[in-house]
Each structure stands twice: as C-alpha cells, then as structure tokens.
K.L.:
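After the structure tokens below, expect a handful of questions from me.
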Amino acid sequence: IEARLDLVLGNDITAPVAIESFYKAGATTVFDNSKIALVPDHFTPNKDIQSAQQSKSLREFAKEQNIENYFEIGKMGIEHVLIPEQGLALPGEVIIGADSHTCTYGALGAFSTGIGSTDMAAAMISGKTWFKVPEAIEVNMVGKKQPWVSGKDLILTLIGILGVEGANYKSIEFKGPALSELSMDDRFTMANMVIEAGAKNGIFPVDEKTYHYLEGRTNKPYKCYTADKNAVYAQSITLDLNDIEPVVALPHLPENVKPVSSLKPIHIDQVVIGSCTNGRLDDLRIAAGILKGRTIANHMRVIVIPGSQEVYKNAMKEGLLEIFIDSGCAVSTPTCGPCLGGHMGILAENERALTTTNRNFVGRMGHITSEVYLASPAVAAASAIQGYICTPEPITEYVGSPHGITEIYHYEGTGYNV
C-alpha cells in the first residue's frame, strides 16, 4: 500500500544523509513543515567536529525549510521520549522515522516504524511512503505484575520467546486483561523494543491511560482503531505476568534472556540508567527509590540520563537528581550517548556494563571485548549498589501490593520515602 504520513522523523545521524538525498532529488521544499521533526540527540551535545557538522546540517535545513518541530540543544530530548511528550505522536497516525526505535509510538495506538535515510528523503518530499502490510502476532497478557517487574522485563521475556528474528516484518499487537497493569511508561518501553525481535511495529489499544497521557499534550483530532474481532494472526502468545520475574539479557543478543535469580554473581564496571527505552520519569523514580540513602559500590561508574528536558526538570523538582548525586552517580543532560557507543560512557577493553538501553551487540558500547547486559531500572539500581547483577530483594524489603515499586515509594515533596 501507499500511505499518507502524519510525521517524518530524523536525528543527527540519519537526517543529514536524508537532507543530502533531498537535494540530490532536485527538491526545494518539504511537503509539510509541520509534519517533519528533527531531533539532534545521538552525538549531542556534540562530542567532536564531525558530530558538530552533522548537527549543523539539521540546523540549517530546519531554518531554510521553516521546520516547526526542530529541537535545539536545551529544548531537545532523546527523540522517542520527546516526540510523545510534545504531542507529536497520536492514536491512529502513520509515523516513520529514520531510526529503528520509531516503533515506540505504538504505545499510543499509532502505526510507527523505522525506515532508512533515503526513504526519509522521499517522504519529506512527497508526504507518502509504501509498505507491505505486515502479518500480526497476538500477545495476550494475563495475570498480575510481580514485585520489581516492569515493562522492560515483559518485553525482554517476549524477545526471549520469539528470538531476534522471530517477528520479522510482523506487527506485534499487545492485548489482554493485564493491560491495566501497565503504565504508559511500561508500554513505551515495550513498543520501543519490538524491533529487537525483528518486528515492523508494535501496537497497544487505546484506553483510559492513553487518554490521560494525551491530556494537555495536543488539541489535534485523532482516531482510535481496534483489532477486528475475527482478525487472523500469524502467531498467538500468552504472557502470564504471574510467572514473570526480573530478567536480564546477557551478551551478545537481546534474546539471550535469563531470570536474574538464576545467575551467579556477575561483576560489572558500569551502570547506565536512561535511553529511549528507560529514560522516562517513572524509570528514574524507580531507580531513585532504590538508591535513596545508599551509595554505589566502590570502583563502580553509574551514569543517569533523563530522557528529555521535561523529565530532567521534573526529576529535579522531585529531588531525584539529588538522590542520584548523593549516591555517587553522574547525571547527564538528555542524550543517546553511550547507548550506541557514542559518548558519555564508552567501555574499555573487557569491561562490563549493565544498562537499561535496548541492544547488547558485540562492541555496542565500546571496545569489541566489552560486554553489555540489558535490564530494568530496578535491577540496574540494585546492581549498582551491590557491584554485581542482582534484583533489589537483597537490598530492600518489598512491602505493599504486587504492582511494583511505585506502590512502595511515595513522593513527600522532598523526595521518595518508604
């Protein structure tokens, strides 16, 4: 099919190539300056001359084309955190981005997917692109979320079931009675990582939590779609949340998923809490709730990266940044940074990192002999204190309902307390 596009997205790595292709095609103006978003987030603040040139390319193109949704340093965030915050992704929309994790916006009931830079160029010119309509995989979620389990644990568990190629060019539809267990931040995390199973997109139905999230973010009309009752699925999977515990993806594939409880102690050198997967406010709240009043292990590096300026500001107001700094963490301005081995946390030879990011391929964060382990903010924070990969149980006793850390810690105006 050929589809009309509601948003075309690019960043400081992919958009410069698209801009070059735009001019090579003989184009002079974009199809709609309100339906293009340019976010310099990967190597920003610029780490070297080359990255500065990349950002300059975006800046000049945005100025020439009068792009409404260009986010300069100081106003930007990690693109897949920023775009939903700004009300630029809405239910029923068709969104493409020259970044594989554009599938994040499926959490809002949009069809969103990653494309290449030349496709981005063609889309900026025409406002259209073509797709093969994907088959769908049904993921039916039942049960109750267990202590310390988050959307990160659920999506890693699913990737462990499917494998990194198990959903190639398929649409993953999340549904079932346990949807009510998932916060919007859980859903963003899960939709974000469907690409790690090869999926074309992931999508959630729109419910009251979605409507609540969108309140005050947009005044644009949107249309909500639901799955047909007689829909045919290529595969059906049931995730029973009662049986899912905190997990970690071991090197060097996101499918290499193991329960944390099954691991012997694995020493780590660095922890990263952030990224387009887990850099939202709930993620920082969970990590801060565990780190409060504690310090990270000796010889441990912990880097906390809020996903946007809005997240950064709210974390500051709630006292979360002070908790991180008091515990020995370094807090960064919003950036993709270490996730792709860009900057702000590159690994040396034979070092290990536990991170809330989305990929753990060979050399992903630095030296080819380094190792990357993927986990939730709760596991990351607990492991930072202990110095090895663990769940929070050895550190703090769980009290309350089985809905997770947000039921334990409550904001008192000066910080989070049990």
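Heavy-atom basis, side chains included; hydrogens, waters and symmetry copies ignored.
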K.L.:
Can you find a side-chain donor-acceptor pair between S51 and D48 that sits under 3.5 Å?
P.N.:
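Yes, because at least one side-chain N or O of S51 sits under 3.5 Å from a partner of the opposite role on D48.
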
K.L.:
Check the pair E68, S34 against side chain to side chain contact (heavy atoms under 4.5 Å, CB included), reporting the backbone distance first and the verdict last.
P.N.:
CA-CA 5 Å; E68 291 183 7; S34 69; 3.4 Å; yes

K.L.:
Find out whether S383 and Y388 are in side-chain contact, i.e. whether some heavy atom of one side chain is under 4.5 Å from a heavy atom of the other.
P.N.:
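A side-chain contact under 4.5 Å is absent here.
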
K.L.:
Quick one: CZ on R187 to CG on L179, what's the gap to the nearest 0.5 Å?
P.N.:
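So the CZ of R187 and the CG of L179 are separated by 5.5 Å.
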
K.L.:
Looking only at side chains, do E79 and N11 share a donor and an acceptor under 3.5 Å apart?
P.N.:
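There is such a pair between these side chains.
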
K.L.:
Quick test of your reading: applying ring-ring contact (aromatic ring centres under 6.0 Å, His included), list the pairs with at least one residue in residues 63-106, sequence neighbours left out, ordered by first then second residue.
P.N.:
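Sorted result for residues 63-106: H80-Y105.
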
K.L.:
Do any pairs count as a ring-ring contact (aromatic ring centres under 6.0 Å, His included) and have a residue in residues 163-206, sequence neighbours left out, and if so which ones?
P.N.:
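Sorted result for residues 163-206: F174-F204, F188-Y213.
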
K.L.:
Give the C-alpha distance, both sets of side-chain angles, the deciding distance and a yes or no for side chain to side chain contact (heavy atoms under 4.5 Å, CB included) between E318 and R285.
P.N.:
CA-CA 9 Å; E318 295 184 9; R285 286 169 173 164; 2.6 Å; yes

K.L.:
Quick check on side chain to side chain contact (heavy atoms under 4.5 Å, CB included): which of L281, N314, L291 does L320 satisfy it with?
P.N.:
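It is L281, the one option of L281, N314, L291 that forms the side chain to side chain contact (heavy atoms under 4.5 Å, CB included) with L320.
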
K.L.:
If we only count heavy atoms from C-beta on, is the I325 to V331 side-chain gap below 4.5 Å?
P.N.:
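Contact flag for I325/V331 side chains = yes.
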
K.L.:
If the condition is ring pair (Phe, Tyr, Trp, His ring centres under 6.0 Å), which residues does F131 pass it with, not counting sequence neighbours?
P.N.:
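F111.
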
K.L.:
So, N192 versus T104: side-chain donor-acceptor pair below 3.5 Å or not?
P.N.:
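Yes, a side-chain donor-acceptor pair sits under 3.5 Å.
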
K.L.:
Between L284 and I273, what is the shortest heavy-atom contact and its length?
P.N.:
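Shortest heavy-atom separation between L284 and I273 comes out as CD2-CG2, 4.2 Å.
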
K.L.:
Minimum heavy-atom separation for C339 to R364, with atom names?
P.N.:
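Looking at all heavy atoms of both residues, the closest pair is O-NE, 2.8 Å.
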
K.L.:
Give a yes or no answer on whether the side chain of T113 reaches the backbone of K200 with a donor-acceptor pair at less than 3.5 Å.
P.N.:
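Looks like yes, one N/O pair under 3.5 Å.
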
K.L.:
Could you state the interatomic distance from CG (N69) to CG (L7), rounded to the nearest 0.5 Å?
P.N.:
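Output value for this atom pair is 7.0 Å.
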
K.L.:
Ignoring hydrogens and angles, write down the donor-acceptor pairs under 3.5 Å from the side chains of residues 259-267, residues two or more places apart or on other chains.
P.N.:
{"from": "S261", "atom 1": "OG", "to": "E245", "atom 2": "OE1", "distance (Å)": "2.6"}
{"from": "S262", "atom 1": "OG", "to": "P259", "atom 2": "O", "distance (Å)": "2.7"}
{"from": "H267", "atom 1": "NE2", "to": "D269", "atom 2": "OD1", "distance (Å)": "3.2"}

K.L.:
So, the side chain of E93 versus the backbone of L90: is there a donor-acceptor pair under 3.5 Å, distance only?
P.N.:
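Yes; judged by distance alone, with no hydrogens or angles, the pair exists.
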
K.L.:
Within the distance-only criterion (no hydrogens, no angle test), does the side chain of T189 pair as donor or acceptor with the backbone N or O of T277 below 3.5 angstrom?
P.N.:
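Flag set: sc T189 to bb T277 pair under 3.5 Å.
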
K.L.:
Find out whether I323 and L321 are in side-chain contact, i.e. whether some heavy atom of one side chain is under 4.5 Å from a heavy atom of the other.
P.N.:
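When only atoms from C-beta onward are counted, L321 and I323 do not touch, as no gap falls below 4.5 Å.
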
K.L.:
Test N360 against H252 for side chain to side chain contact (heavy atoms under 4.5 Å, CB included), laying out the working first.
P.N.:
CA-CA 5 Å; N360 60 345; H252 292 284; 5.6 Å; no

K.L.:
Without hydrogens or angle criteria, can the side chains of D12 and S55 be said to hold a donor-acceptor pair below 3.5 Å?
P.N.:
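No - no donor-acceptor pair under 3.5 Å links their side chains.
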
K.L.:
If you measure from CG on L82 to CG on D41, what distance do you get to the nearest 0.5 Å?
P.N.:
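Between L82 CG and D41 CG, I get 8.5 Å after rounding to 0.5 Å.
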
K.L.:
Does a salt bridge link K152 with D186, judged by any charged N lying under 4.0 Å from a carboxylate O?
P.N.:
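Salt bridge: no.
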
K.L.:
So which heavy atom on L239 is nearest to which on L158, and how close?
P.N.:
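Scanning both residues, the minimum pair turns out to be CD1-CB, 4.4 Å.
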
K.L.:
Kindly list each side-chain donor-acceptor pair under 3.5 angstrom involving residues 300-308, sequence neighbours excluded, with atom names and distances?
P.N.:
{"from": "R301", "atom 1": "NE", "to": "Q270", "atom 2": "OE1", "distance (Å)": "3.1"}
{"from": "R301", "atom 1": "NH1", "to": "E351", "atom 2": "OE2", "distance (Å)": "3.0"}
{"from": "R301", "atom 1": "NH2", "to": "Q270", "atom 2": "OE1", "distance (Å)": "3.1"}
{"from": "R301", "atom 1": "NH2", "to": "E351", "atom 2": "OE1", "distance (Å)": "3.0"}
{"from": "S308", "atom 1": "OG", "to": "E85", "atom 2": "OE1", "distance (Å)": "2.9"}
{"from": "S308", "atom 1": "OG", "to": "E85", "atom 2": "OE2", "distance (Å)": "2.7"}
{"from": "S308", "atom 1": "OG", "to": "E310", "atom 2": "N", "distance (Å)": "3.3"}
{"from": "S308", "atom 1": "OG", "to": "V311", "atom 2": "N", "distance (Å)": "3.1"}

K.L.:
Looking just at side-chain N and O atoms, do S171 and N201 make a donor-acceptor pair shorter than 3.5 Å?
P.N.:
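S171 vs N201: donor-acceptor pair found between side chains.
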
K.L.:
Just by distance, do the side chain of S327 and the backbone of I296 share a donor-acceptor pair under 3.5 Å?
P.N.:
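No; zero donor-acceptor contacts below 3.5 Å.
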
K.L.:
Which distance, rounded to the nearest 0.5 Å, do you find between the CG of L108 and the CE of M184?
P.N.:
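Answer for the CG-CE pair, L108 versus M184, is 4.5 Å.
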
K.L.:
Identify which one of I155, I237, I203, L162 satisfies the side chain to side chain contact (heavy atoms under 4.5 Å, CB included) criterion when paired with I172.
P.N.:
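Among I155, I237, I203, L162, the one that satisfies the side chain to side chain contact (heavy atoms under 4.5 Å, CB included) with I172 is L162.
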
K.L.:
With a 3.5 Å cut-off and no angle check, do the side chains of S183 and D185 form a donor-acceptor pair?
P.N.:
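There is no such pair between these side chains.
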
K.L.:
Kindly give the heavy-atom pair with the smallest separation between A18 and S117, and that separation in Å.
P.N.:
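For A18 versus S117, the nearest heavy atoms are CB-O, 3.2 Å.
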
K.L.:
Would T14 and H42 satisfy side-chain hydrogen bond (donor to acceptor under 3.5 Å, both in side chains), going step by step from the backbone distance to the final call?
P.N.:
CA-CA 10 Å; T14 59; H42 276 57; over 6 Å; no

K.L.:
Side chain to side chain contact (heavy atoms under 4.5 Å, CB included) for F22 and T118? Distances and angles first, verdict last.
P.N.:
CA-CA 8 Å; F22 176 91; T118 50; over 6 Å; no

K.L.:
Does a side-chain heavy-atom distance below 4.5 Å link R280 with P377?
P.N.:
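SC-SC contact between R280 and P377 ruled out.
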
K.L.:
Would you say NZ of K258 has more than 12 non-hydrogen atoms from neighbouring residues, nucleotides or ligands within 6.0 angstrom?
P.N.:
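No.
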
K.L.:
Could you tell me which non-hydrogen atom of F43 sits nearest to which non-hydrogen atom of G342, and how far apart they are?
P.N.:
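Of all heavy-atom pairs spanning F43 and G342, the closest is CE2-CA, 3.2 Å.
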
K.L.:
Verify the distance criterion only: is there a donor paired with an acceptor across the side chains of E135 and Y233 at less than 3.5 Å?
P.N.:
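Judged by distance alone, the side chains do not pair up.
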
K.L.:
Please enumerate all residues that pass side-chain hydrogen bond (donor to acceptor under 3.5 Å, both in side chains) together with S236, with sequence neighbours excluded.
P.N.:
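S236 satisfies side-chain hydrogen bond (donor to acceptor under 3.5 Å, both in side chains) with E138 only.
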
K.L.:
Can you tell whether the side chains of E181 and K145 come within less than 4.0 Å, N to carboxylate O?
P.N.:
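No salt bridge links E181 with K145.
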
K.L.:
With a 4.5 Å limit on heavy-atom distance, are the side chains of V272 and L354 in contact?
P.N.:
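When only atoms from C-beta onward are counted, L354 and V272 do not touch, as no gap falls below 4.5 Å.
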
K.L.:
Please report the interatomic distance CD1(I244) to NZ(K144), rounded to the nearest 0.5 Å.
P.N.:
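With rounding to 0.5 Å, CD1 (I244) is 14.5 Å from NZ (K144).
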
K.L.:
Nearest 0.5 Å, please: how far is NZ in K35 from CG in L5?
P.N.:
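So the CG of L5 and the NZ of K35 are separated by 8.5 Å.
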
K.L.:
Taking the side chain as every heavy atom from C-beta outward, state whether L9 and V39 have any pair of such atoms under 4.5 Å apart.
P.N.:
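Yes; the side chains approach each other to less than 4.5 Å.
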
K.L.:
If you take all heavy atoms of T391 and P246, which pair is closest and at what distance?
P.N.:
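Distance-wise, the nearest heavy atoms are CG2-CB, 4.0 Å.
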
K.L.:
Are any non-hydrogen side-chain atoms of Y225 and P91 less than 4.5 angstrom apart?
P.N.:
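Of all side-chain heavy-atom pairs linking P91 with Y225, none is under 4.5 Å.
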
